[in-house]
Amino acid sequence: TRLAAFRTGQVKLTGPGASGLTAADADIIRKTLPQVTVLSYPSFSRADLLPHNQRKPWTDIRVRKAFFLAYDQQEIVDLANPKGGVPTGLFPSTSEWNLPKEELAKVPGVKEVTPQDIAEAKKLLADAGLGAGFSVTLPVRSQIRPQVRAGEVIREQMKRIGIAVTVQPLDDAVFFETVNKRSFKVSQVVFNQATGDPDAYLVHYTTGDPTNYFGYSDKEMDALIDRQSKTLDVAERRKLVFDIQRKLLDQYLFRPYW
C-alpha cells in the first residue's frame, strides 16, 4: 500500500528498510520512476532468530546447535531479502567489530550448510531424545515481507532435520506483545541501533536487560561485557569483543538473518 501510494504520487517520501522499501521495490522505482532518487546505505540494524534458551527444548545446547547447523543464512538472504541483507555475525556486516570473515565462515548458522552438518544435527537431536523431531511455532511480523519470507525459508530448512516450524504472521501489536512478554519458544527480533558501538549490541546479552528477550544469563559474560565497555585502548577492546562474540556464538543463542 505504501509503495503504491508513492508510485502514484499520493506521498512524496517513503521510509527506508523492509517496512518502507525493499530492495526489490527499489529496483521497480528506479526502472519506472527515473526522476526519483533512491538512497541506499548500510544500517546499524540486525535481524535475529532467537530460540528462548530458558524454554524446552532449547534449554539443551545440543538442540540449539542442531537447529543452527541446519540454518543457512546465505539462503535466507538470497530468498528473503536479496540486495537488502548480508550474512553476518554479532554485528552488522559493515562493522569493524565483527569477527574476521574467514572465522565467521566456519560458524554454524553463518557458514554454508553441508550434508555433514545435517547428519550431525540429526545425531544431536537423537542424543537429546528428539530423534523423532519436534514442532515449534515461529511468530513473524506480518507487515514486514522479508521477515515473513525468512520464516518460510527457515521452515523448509528445518524439515531436513525433522523440526516442523509453523510460521505465525502477527500484526505488530500482537507480535511485540509476544516478544515483550517472552511468551515464545523461538522468535524473530530486529535490533535497531543508532550507533555501531559494541555496547549497543552487547547489552542484549546482559542479565536483566529489558532487551534480553531470550532469558540468557551468565555472570562471567556480564563481567566481560562490562570490562570491554570500560576499556579505552581500541586494540585491547577489540580482543575482548572478539572473545565475547566467540563465547556467545558457541552457546548457539541466536543467529542473524542479515
Side-chain angles (χ1 to χ4, degrees), residues 18 47-81 87 107-191 204 212-217 248-258:
D48 278 8
L49 187 71
L50 303 179
H52 196 309
N53 70 92
Q54 299 302 307
R55 293 178 179 270
K56 292 182 178 182
W58 308 115
T59 50
D60 191 326
I61 191 173
R62 294 173 297 184
V63 179
R64 301 198 302 270
K65 183 176 181 179
F67 190 93
F68 287 124
L69 277 167
Y71 181 91
D72 192 322
Q73 196 182 104
Q74 184 66 61
E75 184 178 49
I76 293 169
V77 170
D78 290 343
L79 296 180
N81 198 16
V107 174
V110 179
K111 73 181 191 68
E112 182 181 357
V113 176
T114 66
Q116 291 77 18
D117 293 327
I118 298 300
E120 182 182 352
K122 289 180 177 178
K123 184 179 185 304
L124 285 168
L125 289 177
D127 291 345
L130 294 169
F134 65 93
S135 301
V136 68
T137 297
L138 172 61
V140 299
R141 293 176 65 188
S142 61
Q143 290 137 299
I144 311 297
R145 287 173 290 160
Q147 290 185 33
V148 175
R149 180 63 180 131
E152 295 168 348
V153 176
I154 291 165
R155 179 185 61 202
E156 297 307 306
Q157 291 177 353
M158 293 307 132
K159 286 181 180 179
R160 296 178 291 185
I161 59 172
I163 299 177
V165 176
T166 299
V167 180
Q168 182 184 39
L170 302 173
D171 66 42
D172 275 2
V174 178
F175 176 86
F176 287 118
E177 181 180 22
T178 300
V179 172
N180 288 328
K181 288 185 175 181
R182 281 63 168 172
S183 55
F184 62 88
K185 285 194 174 182
V186 61
S187 183
Q188 300 175 337
V189 175
V190 175
F191 295 113
H204 306 309
N212 182 340
Y213 295 113
F214 48 105
Y216 177 66
S217 179
L248 289 172
L249 289 168
D250 283 348
Q251 288 294 308
Y252 301 95
L253 300 167
F254 70 95
R255 288 297 185 269
Y257 291 169
W258 48 76

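Quick caveat: nothing in here was measured; it's all calculated off a predicted structure.
Considering all non-hydrogen atoms of both residues, Arg255 and Pro108 come closest at NE-O, 2.7 Å. Scanning all heavy atoms of the two residues, the minimum distance from Val179 to Ser187 falls at CG2-OG, 3.6 Å. Taking every heavy atom of both residues into account, Pro256 and Asp48 meet most closely at CA-OD1, 3.3 Å. Summarising the geometry of Val140 relative to Gly151, their closest heavy-atom pair is CG1-CA, 4.5 Å, with the distance given to 0.1 Å. Across every non-hydrogen atom of Trp58 and Arg64, the tightest pair is O-NH1, 2.6 Å. Nearest heavy atoms, Pro51 versus Phe214: O-CB, 3.7 Å.
For Tyr216 and Gln251, the side-chain atoms include no donor-acceptor pair closer than 3.5 Å.
Taking CD1 of Ile154 as the reference point, atom CD of Glu156 lies at 11.0 Å (rounded to 0.5 Å). Atom CZ of Phe184 sits about 13.0 Å away from atom OG1 of Thr137, to the nearest 0.5 Å. Of the inter-residue distances, the one linking Ser135 atom OG with Lys185 atom NZ reads 10.0 Å to the nearest 0.5 angstrom. Within the model, atoms CG of Leu69 and CD of Gln116 stand 11.5 Å from one another, a figure rounded to the nearest 0.5 Å. Atom CD1 in Ile61 sits 7.0 Å away from atom OH in Tyr252 (nearest 0.5 Å). With rounding to the nearest 0.5 angstrom, the CD atom of Gln188 is 7.0 Å from the CG atom of Leu49.
Using a 4.5 Å heavy-atom cutoff, the side chains of Val136 and Thr166 are not in contact. Two residues are said to be in side-chain contact when any heavy atoms from C-beta on lie closer than 4.5 Å; Ile163 and Phe134 meet this criterion. You'll find the side chain of Pro146 stays beyond 4.5 Å of the side chain of Tyr257, heavy atoms only. Counting heavy atoms from C-beta on, the side chains of Asp60 and Leu124 never come closer than 4.5 Å.
At distances below 3.5 Å, not a single donor-acceptor pair connects side-chain atoms of Arg149 with backbone N or O atoms of Asn81. Judged by distance alone, with hydrogens and angles left aside, the side-chain atoms of Gln143 form a donor-acceptor pair with the main-chain N or O of Asp172 at under 3.5 Å. Here the side chain of Arg182 pairs a donor or acceptor atom with the backbone of Asn180 at under 3.5 angstrom. Remark: the backbone N or O of Leu170 is paired with a side-chain donor or acceptor of Ser142 at under 3.5 angstrom.
The neighbour count for Glu112 CD, taken as heavy atoms of other residues, nucleotides or ligands under 6.0 Å away, does not exceed 12. Taking a 6.0 Å sphere around NZ of Lys111, one finds it holds more than 12 heavy atoms contributed by other residues, nucleotides or ligands.
Of the charged side-chain nitrogens involved, none lies within less than 4.0 Å of a carboxylate oxygen, so that Arg155 and Glu152 do not count as a salt-bridged pair.
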Would His204 and Phe254 count as a side-chain contact (heavy atoms from CB on, under 4.5 Å) if you check the C-alpha gap in whole Å, the side-chain angles of each, and the deciding distance to 0.1 Å? CA-CA 11 Å; His204 306 309; Phe254 70 95; over 6 Å; no
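Classified by interplanar angle (parallel below 30°, tilted 30° to 60°, perpendicular above 60°), the ring pair Tyr71/Phe68 is perpendicular.
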